[in-house]
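Have a look at the structure below, then the notes.
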Amino acid sequence: MSESVLKISNVNKTFGGLKALTDINLNIEKGKVHAIIGPNGAGKSTLLNVIIGLLEPDTGEVLFDNKDVIGKQAHEINQMGLVRVFQTPEIFTDLSLLENVMIPALAKRDGSFKFKIFRDLADEKDIMNEAVDILASIGMEDKMHNMSGSMSRGDKRRLELAMCLIQHPKLLLLDEPTAGMARHDTNQTIELLKKIKEGGMTKIIIEHDMHVVFSVADTISVLARGKIIATGTPDEIKGNPIVQEAYLGGGE
Amino acid sequence: MKIEKKRSDLFIMAIFTIVILSMPVWLSPLGANYPDLLQKFAIFGIFAIGYNILFGLTGYLSFGHAIFIGVGSYTAVWSFKLLSMNVLPAIVFGTLFAGIIAALVGYVSLRRSGIYFSILTLAFAQMFYNLAYSVLTPLTNGETGLTIAAGDPRVLDRLFSDVATGGGLPSTELFGISMSGYSGFYFTAVLLILAFFISLKIFNSPFGLKLKAIKSNQHRMKYTGYNTRPYLVTAFIISGMFAGLAGSLMAVTDPLAGAERMQWTASGEVVLMTILGGVGTLYGPLLGVAIIKYLENIFSAVNEATLHGFFSFLPQWLNDTMVVVVSPFVGEGWHLTLGLMFMIVVIFLPGGVTEGFQKIKNRFTKNKEQEKLKQGGE
């Protein structure tokens with residue numbers, strides 16, 4: 001069995017009387033794209049918040065890279081190498097595209113705090129080249145001095161992905177990467193996800209759009225009513241009668 | 001790959017230095033070339049430049065920066081009393097001590113953001129005002145204000161010279177150069193240039209970019225791996241130290257410090273200056289200072305007699321009406337004019353005067369481009 005990047009063991013979480021997560025056990029293997037799917041209210045967001053340390057589970061353990069993430073702050077989790085893409089693209093809308101990708105590159109190099117004012121941004125050649133390269137990889141290098149606020153949602157998503165990728169994360173966490181997108185933007189995002197899949201980066205995709213999941217994931221876990229009811233390859237999941245009953249049969 | 005690199009820092013600094021040092025020359029047609037006013041420009045310039053590093057870059061609106069003006073002033077006067085009439089220790093201690101107080105105030109206030117941050121700074125401003133006005137009377141001399149006296153120890157001065165202090169009150173000096181009149185202005189101007197240089201470096205540095213990014217999306221910043229609080233506290237301390245320097249320079253101009261300098265309205269004034277000039281821009285705050293201080297100087301000097309003179313070309317009844325209408329806006333009531341001006345700018349030019357310049361510039365460049373297009377078409 002290959003090395004695991006994220007290990008979730010026996011996680012339980014209750015809100016009031018409601019059991020949001022029951023006995024969650026998950027192993028995210030290195031280099032794999034692992035999708036977590038489930039109908040609305042299955043506990044996807046709760047699980048996500050547990051993984052990024054925002055919610056403390058009642059019981060259980062979340063180990064990222066063999067280190068405990070529970071109780072860690074957002075910037076600490078990022079510095080450990082777990083980088084997150086948001087449901088609605090979160091970018092720096094008042095800054096240029098180039099600045100948007102330079103900021104995460106600086107965070108990767110300089111850590112969570114650095115006070116140094118007698119070196120100009122323009123002298124950070126390495127960071128700047130890296131930033132231009134990553135913008136080129138998403139086809140935006142000719143727009144790098146534009147402000148990012150006026151871009152379409154799909155473009156914002158691609159920029160946000162570039163901001164995450166420039167940090168070379170050990171694990172990239174995507175929360176419904178195509179939520180609220182038009183068909184065209186969704187397809188473009190899937191293409192981009194496929195492209196970065198080849199890089200061998202470990203990823204978790206939380207999604208309810210089947211179309212997206214089946215085309216990019218190596219492994220799929222199905223969450224229903226706070227429990228993981230099945231884990232397997234896309235083909236296994238498609239053929240699994242329990243999954244079909246809980247999810248596929250019910251809705252789409 | 002083409003990356004534009006700006007190597008114009010030196011150029012900007014050279015122009016800025018020339019403009020500031022030649023102020024007595026080019027301001028003379030405006031009748032604003034006397035040292036007192038010039039020094040006021042420079043001091044408030046330092047205050048506003050520093051304030052802009054916090055408010056302009058991070059977007060955190062503080063109503064407490066008058067605290068640091070006050071702390072700087074009191075520290076400077078104590079330095080004049082205990083150490084020396086030399087202004088160097090006064091401004092060094094004033095700046096440093098304001099920095100320490102800013103660290104305390106900033107550490108607590110920055111636990112919250114947005115409106116809650118502003119309210120916390122306002123609460124601090126009120127507390128410090130009351131401390132200065134009554135509680136700490138032994139240190140601040142309460143409502144009378146702290147002044148120098150002939151009998152003060154002035155340890156350093158007495159160590160190096162045995163000047164008899166029988167005469168009047170000593171005046172502030174820099175190694176023998178009196179700090180009144182033009183020499184006082186040039187001393188302040190050099191510090192203003194230095195302050196501007198630091199601000200320019202911050203604007204161009206990765207640190208400055210990160211502050212702008214915090215203003216743009218603090219949530220994203222945290223998930224990008226930045227611990228945002230130390231950044232904010234650092235920006236708060238820097239702006240507090242600039243304010244402390246400005247406060248100690250006020251004491252250099254006139255060696256006394258009073259609690260009224262710490263009233264929150266004084267913090268409000270720097271907010272007005274920054275917004276009027278253009279918040280978050282390098283030059284905007286300075287423009288704001290120049291406009292407000294110059295107009296204050298003009299409008300507050302006008303009285304009814306001058307108004308009658310001004311409207312003397314009108315028939316008597318109209319003259320009287322005009323004076324009645326206009327007089328509330330001048331002299332003591334000049335703040336009414338300021339308020340109106342501020343409203344007009346915020347409503348029509350939310351980016352301040354700087355945005356106005358930018359708009360005019362854009363219009364010109366656009367016209368040129370259109371001309372080029374036309375010529376190309378022919």
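Please read all numbers here as calculations on a predicted model, not as lab measurements. Below, chains carry the letters A, B, ... as their sequence lines are ordered, and counting in each starts from 1.
No more than 12 heavy atoms of other residues, nucleotides or ligands sit less than 6.0 Å from atom CZ of B:Arg112. More than 12 heavy-atom neighbours from other residues, nucleotides or ligands sit within 6.0 angstrom of CZ on B:Phe124. Atom CZ of B:Phe93 is surrounded by 12 or fewer heavy atoms from other residues, nucleotides or ligands within 6.0 Å. The number of heavy-atom neighbours closer than 6.0 Å to CZ of B:Phe348, taken from other residues, nucleotides and ligands shown, is 12 or below.
Looking at A:Leu173, there are no atoms closer than 4.5 Å to chain B (heavy atoms on both sides), in backbone or side chain. Contacts of B:Ile238 with chain A are made by side-chain atoms alone, with heavy-atom separations under 4.5 Å and no backbone atom involved. Contacts of A:Asn100 with chain B are absent, with no heavy-atom separation under 4.5 Å from either backbone or side chain.
Taking the six-membered ring for Trp and the full ring otherwise, the centers of A:Phe115 and B:Tyr231 sit at least 6.0 Å from each other.
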Trace of the side chain to side chain contact (heavy atoms under 4.5 Å, CB included) decision for A:His75 with B:Thr224: CA-CA 7 Å; A:His75 65 91; B:Thr224 304; over 6 Å; no

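B:Arg220 places a side-chain N or O within donor-acceptor distance of the main-chain N or O of A:Glu90, the cut-off being under 3.5 Å. Distance alone, capped at 3.5 Å, places no donor-acceptor pair between the B:Asn227 side chain and the A:Ser112 backbone. At distances below 3.5 Å, not a single donor-acceptor pair connects side-chain atoms of B:Tyr226 with backbone N or O atoms of A:Phe113.
With chain B as partner, the option from A:Arg119, A:Met163, A:Lys114 having the largest number of non-hydrogen pairs under 4.5 angstrom is A:Lys114. Highest contact tally toward chain B, considering only A:Asp110, A:Ile91, A:Ile77, is held by A:Ile91 [criterion: heavy-atom pairs under 4.5 Å].
A:Ile117 contributes atom CD1, which lies 8.0 Å from atom CZ of B:Phe207 (distance to the nearest 0.5 angstrom).
The stretch residues 209-219 of chain B places B:Leu209, B:Lys210, B:Lys212, B:Ala213, B:Ser216, B:Asn217, B:His219 near chain A, each with some heavy atom under 4.5 Å from a heavy atom of that chain.
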Mind listing the side-chain donor-acceptor pairs of residues 43-56 of chain B below 3.5 Å, one per line with the distance, residues two or more places apart or on another chain?
residue: B:Tyr51; atom: OH; partner: B:Ser62; partner atom: N; Å: 3.2
residue: B:Tyr51; atom: OH; partner: B:Ser62; partner atom: O; Å: 2.5
residue: B:Asn52; atom: OD1; partner: B:Gly280; partner atom: N; Å: 2.9
residue: B:Asn52; atom: ND2; partner: B:Thr281; partner atom: O; Å: 2.8

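When side chains are defined from C-beta on, A:Lys116 does not count as touching B:Ser205, because their heavy atoms never get closer than 4.5 Å.
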